[in-house]
Chemist: 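Below you'll find the structure I mean.
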Amino acid sequence: MQIFLLKKTIILTICITLLNPHVYLDTVFVVGVSALTFDMKEKIIFALGSLSASFIWFFH
């Protein structure tokens, strides 16, 4: 019974995460548009900062 609930919870979490349009809107438009005015060096720093913040947020 617990395996079934775990499997159901994992599938539901994946569906909510991947099928949520706000994930893509926030990532592509809000974050992406913020970096449009940067030069290449600043874009690399911005990308590394975004990846670091995301990693810290999810695994903290």
Side-chain angles (χ1 to χ4, degrees):
M1 185 67 166
Q2 288 182 344
I3 298 291
F4 174 74
L5 290 175
L6 178 62
K7 183 178 177 182
K8 184 178 176 182
T9 302
I10 290 171
I11 290 171
L12 183 62
T13 302
I14 290 171
C15 287
I16 289 172
T17 301
L18 297 178
L19 299 176
N20 182 0
H22 293 284
V23 171
Y24 305 106
L25 291 173
D26 291 344
T27 302
V28 174
F29 294 109
V30 176
V31 176
V33 170
S34 299
L36 284 178
T37 60
F38 297 157
D39 63 9
M40 186 53 73
K41 182 179 177 182
E42 291 172 331
K43 286 182 182 179
I44 292 170
I45 293 169
F46 183 80
L48 291 174
S50 296
L51 290 169
S52 299
S54 179
F55 183 83
I56 291 169
W57 175 262
F58 286 113
F59 296 107
H60 180 349

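Just so you know, these numbers come straight off a predicted model, no measurement behind them.
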Chemist: Are more than 12 heavy atoms, taken from residues, nucleotides or ligands other than Y24, located less than 6.0 Å from that residue's OH atom?
Modeler: yes
Chemist: May I ask whether L51 and F55 are part of the same hydrophobic cluster, defined by side-chain heavy atoms of I, L, V, M, F, W, Y residues being less than 4.5 angstrom apart, directly or through others?
Modeler: no
Chemist: If I take atom CD1 from residue I16 and atom CD1 from residue I11, how far apart are they, to the nearest 0.5 angstrom?
Modeler: 12.0 Å
Chemist: In Å and rounded to the nearest 0.5 Å, what is the CD1 to CG distance from I45 to D39?
Modeler: 8.5 Å
Chemist: Measure across T9 and T13 and return the closest heavy-atom pair with its distance rounded to 0.1 Å.
Modeler: O-OG1, 2.8 Å
Chemist: For the CD1 atom of I3 and the NZ atom of K8, what is their distance to the nearest 0.5 Å?
Modeler: 15.0 Å
Chemist: For I44, what are the other residues in its hydrophobic cluster, where any two members join if their side-chain heavy atoms are less than 4.5 angstrom apart?
Modeler: M40, L48
Chemist: Would you give the length of the straight line joining atom OG of S54 to atom CZ of F59, rounded to the nearest 0.5 angstrom?
Modeler: 8.0 Å
Chemist: Following the transitive rule for hydrophobic clusters with a side-chain heavy-atom cut-off under 4.5 Å over Ile, Leu, Val, Met, Phe, Trp and Tyr, establish whether L18 and I10 coincide in one cluster.
Modeler: yes
